[in-house]
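What follows is a single structure, written as structure tokens, with notes after it.
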Amino acid sequence: MSMRVVVAGGAGFLGSHLCERLLAGGAEVICVDNFLTGRPENIDPLRALDAFRMLRRDVTGSVDVAGPVDAVVHLASPASPVDYRALPLETLAVGAWGTRRLLELARRKGARFVLASTSEVYGDPQVHPQPEGYWGHVNPVGPRSMYDEAKRFAEALTTAHRATHGTRTGIVRIFNTYGPRMRADDGRAVPTFITQALRGQPVTVAGDGSQTRSLCYVDDLVDGLVRMLDAEHPGPLNLGNPSELSMLELARLVVRLCGEEVSIVFVPRPQDDPSVRRPDVTLAGEALDWRPRVDLVDGLSRTVDWFRNRAAGPPAALVP
Ligand code: NAD
């Protein structure tokens, strides 16, 4: 019998790729999403499939699904700085109440539960690269705190549910991921740089551009999520690509791949912007036999192609 998987946040960037991958692997998928930051067009092509069902629900309210469920993946949350700063209370609510509702659903159904946590739980890290044993350096009242602390609370709740009820939980800490279906206006560096360059506008790099990130292509990330669903490991496990580059290097690479003659300009760097970010993925390698495979030039080229083929969206503005 095929697996039945609830994907909360399935209409978002990562969620829609996960839905597709699960369906391609023969699973039945129930996508639960309220379209707070996701887009119907991400999952519209899936609606014709018998194995796909869409439930328009806010997961902070009661979430029930008829019939058996083998796994629940909790991806529901505003995820880009533009989104979570605009939706601070919603972000905290979905990290707290949303996580609780979905944990209860998994417990009732005897299902595996996987929480999509984030590298942001490490804050502006003082240990580099970041292993799972590092507790982080987070400002609890800073401009990113609604997201960082929501995820830290969600991890604590997930851990408590496992200890108290024996819920089969797993936590993954996702590092910056990019690919087709990112929103041009979500403020993250990859879609911002690409849309600026494709429009022939100057590419805006924050600060002096020396801050680093490690970028994982969406297919690799989804592969790690599927492996975590099939495993029993409690985590937390880092999922990300350890090849690190500075934002200035990224901007130059994007400009080259877009093939446009545009300048790079520098804009002020926001408060609490992490200066370095790179996952230690040793544990995920051992526990899930997982490693990222798509290199940056290949992944960025696919992403540039996708943006090139889309109709122009609203003006891009960088908010790292
Ligand atoms: P996204 O905004 O594209 O997707 C999130 C989805 O959750 C959206 O479809 C949104 O409508 C839905 N959602 C939000 N609140 C909801 C609610 N209360 N009820 C139902 N649905 C709700 O973001 P994404 O980039 O796909 O991220 C998915 C998950 O992965 C998030 O939890 C995010 O924190 C985590 N994550 C993503 C990245 C990344 O680089 N993309 C990095 C670290 C962690």
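Values below: all heavy atoms of this structure, side chains included; hydrogens, waters and symmetry mates excluded. First listed ligand is number 1; within each ligand, the first listed atom is number 1.
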Query raised in the report: Which bit of Asn176 is near ligand 1, meaning a heavy atom under 4.0 Å away: side chain, backbone, both or neither?
Result: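 It is the backbone that touches ligand 1; the side chain stays farther off.
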Query - Salt bridge present between Lys109 and Glu104 (N-O < 4.0 angstrom) - result: no
Query raised in the report: Does the distance from a Lys or Arg side-chain N to an Asp or Glu carboxylate O, for Arg181 and Glu41, drop under 4.0 Å?
Result: no
Report task. Could you check if a side-chain atom of Gln201 sits within less than 4.5 angstrom of a side-chain atom of Val262, using non-hydrogen atoms only? Result ->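 Answer no - side chains too far apart.
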Report task. Please work out which of Val218, Leu14, Leu225, Val121 has its closest non-hydrogen atom nearest to atom 30 (O) of ligand 1. Result ->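 The nearest heavy atom belongs to Leu14.
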**Report entry** Identity of the nearest option to atom 32 (O) of ligand 1, non-hydrogen atoms only, from His74, Met182, Lys151
**Finding:** Lys151
With the threshold set at under 4.0 angstrom, would you say [X] reaches ligand 1 through any of its heavy atoms?
X: Arg183; answer: no
X: Ala11; answer: yes
X: Tyr178; answer: no
X: Ser117; answer: yes

Query raised in the report: Short N/O distance, under 3.5 Å, between Leu36 and ligand 1?
Result: yes
Requested in this report: Ignoring angles and geometry beyond distance, decide whether Arg39 reaches within less than 3.5 Å of ligand 1 through its nitrogen or oxygen atoms.
Outcome: no
To which protein heavy atom is [atom] closest, and what is the distance rounded to 0.1 Å?
atom: atom 41 (N) of ligand 1; answer: Arg188 NH1, 3.1 Å
atom: atom 27 (O) of ligand 1; answer: Ala79 CB, 3.5 Å
atom: atom 38 (C) of ligand 1; answer: Ile174 CG2, 3.9 Å
atom: atom 3 (O) of ligand 1; answer: Phe13 N, 2.9 Å

Query raised in the report: Which atoms of ligand 1 have any heavy atom of Gly38 under 4.0 Å away?
Result: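 So the answer, numbered in order with elements, is 8 (C), 9 (O), 10 (C), 11 (O).
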